Amino acid sequence: MKSYDIDTLYQKYKSLNKRQRVRLLSRLQAQGIAIVRIQPYAYSEASGIKHLFFYFEGSREAVPYFLLESSVWQAVQRELMEEE
């Protein structure tokens, strides 16, 4: 599977409308990945640094993209880049 840099994934997620974001979450949940929200974040003091934070069912803590299990991160990348 092709791996994408965080800037590409951040921009792709930001470009999705609400319906597309809901569909993305639904597809991930159908694979058994309990993500309920994805939050894109760019630091105002360092605009080149971008992150995606993930919220999972039953947890209030955000998980940054770089701490996701490899299989979850790969699924997120695949589904996000296939979303149109």
Side-chain angles (χ1 to χ4, degrees):
M1 187 202 129
K2 182 176 178 177
S3 185
Y4 297 91
D5 65 82
I6 188 59
D7 288 328
T8 300
L9 295 165
Y10 173 90
Q11 293 302 329
K12 175 67 175 182
Y13 186 78
K14 291 282 288 181
S15 73
L16 300 179
N17 63 39
K18 185 176 180 175
R19 181 181 54 81
Q20 291 170 315
R21 290 179 182 192
V22 168
R23 192 169 55 211
L24 170 65
L25 291 175
S26 294
R27 287 200 321 266
L28 290 169
Q29 291 166 356
Q31 296 175 46
I33 302 169
I35 295 172
V36 294
R37 189 174 116 200
I38 301 172
Q39 176 185 7
Y41 186 80
Y43 292 92
S44 58
E45 55 280 343
S47 62
I49 300 175
K50 295 177 175 65
H51 285 291
L52 292 174
F53 291 97
F54 296 84
Y55 292 85
F56 288 83
E57 187 175 301
S59 177
R60 292 179 182 241
E61 296 292 317
V63 178
Y65 74 94
F66 54 86
L67 291 181
L68 292 176
E69 293 179 21
S70 177
S71 60
V72 171
W73 182 231
Q74 289 175 4
V76 168
Q77 290 183 71
R78 181 180 57 252
E79 294 299 334
L80 180 56
M81 295 311 288
E82 289 179 3
E83 184 61 51
E84 291 187 25

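Not measured: the values here are computed from a predicted model.
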**Q** Between R21 and R37 (side chain of the first, backbone of the second, donor and acceptor by atom type, cut-off under 3.5 Å), is there such a pair?
**A**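 No; zero donor-acceptor contacts below 3.5 Å.
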**Q** May I ask you to check whether Y43 and Y41 place their ring centres under 6.0 Å from each other?
**A** yes
**Q** Is the closest side-chain heavy-atom distance between Q31 and R78 below 4.5 Å?
**A**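 Yes, their side chains come closer than 4.5 Å.
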**Q** Mark yes or no for whether Q74, through its side chain, and S71, through its backbone, hold a donor-acceptor pair below 3.5 Å.
**A** no
**Q** Are V22 and L80 grouped together when hydrophobic residues (ILVMFWY) are joined by side-chain heavy atoms under 4.5 angstrom apart?
**A**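 Per the 4.5 Å side-chain linkage, V22 and L80 are not co-clustered.
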**Q** For a 4.5 angstrom cut-off between non-hydrogen side-chain atoms, does Q77 reach S3?
**A**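 Yes. Closest side-chain heavy atoms under 4.5 Å.
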**Q** If you round to the nearest 0.5 Å, how far is OG of S26 from CD1 of I35?
**A** 12.0 Å
**Q** Given side chains that start at C-beta, do those of L16 and R23 come closer than 4.5 Å, heavy atoms only?
**A** no
**Q** Side chains of Q29 and E57: is there a donor and an acceptor less than 3.5 Å apart?
**A** no
**Q** For residues Y13 and L67: do they belong to one hydrophobic cluster (side chain heavy atoms under 4.5 Å, members Ile, Leu, Val, Met, Phe, Trp, Tyr)?
**A**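 Same cluster.
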**Q** Once the angle between the rings of W73 and Y65 is folded into 0 to 90°, is it parallel (under 30°), tilted (30 to 60°) or perpendicular (over 60°)?
**A**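 If you compare the ring of W73 with that of Y65, the planes turn out tilted.
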**Q** Do the side chains of V76 and L9 get nearer than 4.5 Å, heavy atoms only?
**A** no
**Q** Do the non-hydrogen side-chain atoms of I33 and F56 ever get within less than 4.5 Å of each other?
**A**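 Yes - at least one pair of side-chain heavy atoms lies under 4.5 Å apart.
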**Q** Would F53 and L68 show up in the same hydrophobic cluster when neighbours are defined by side-chain heavy atoms closer than 4.5 Å?
**A**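 No, no single cluster joins them.
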**Q** Looking only at heavy atoms, which two atoms of K50 and Y10 are closest? And how far apart?
**A** CD-CD2, 3.1 Å
**Q** Taking the side chain as every heavy atom from C-beta outward, state whether F66 and I6 have any atom pair closer than 4.5 Å.
**A** no
**Q** Using a strict 4.0 Å threshold on nitrogen-to-oxygen distance, state whether R27 and E83 make a salt bridge.
**A** yes
**Q** For L24 and I38, run side-chain contact (heavy atoms from CB on, under 4.5 Å): C-alpha distance rounded to whole Å, both residues' side-chain angles, the deciding distance at 0.1 Å, then the answer.
**A** CA-CA 10 Å; L24 170 65; I38 301 172; 4.0 Å; yes
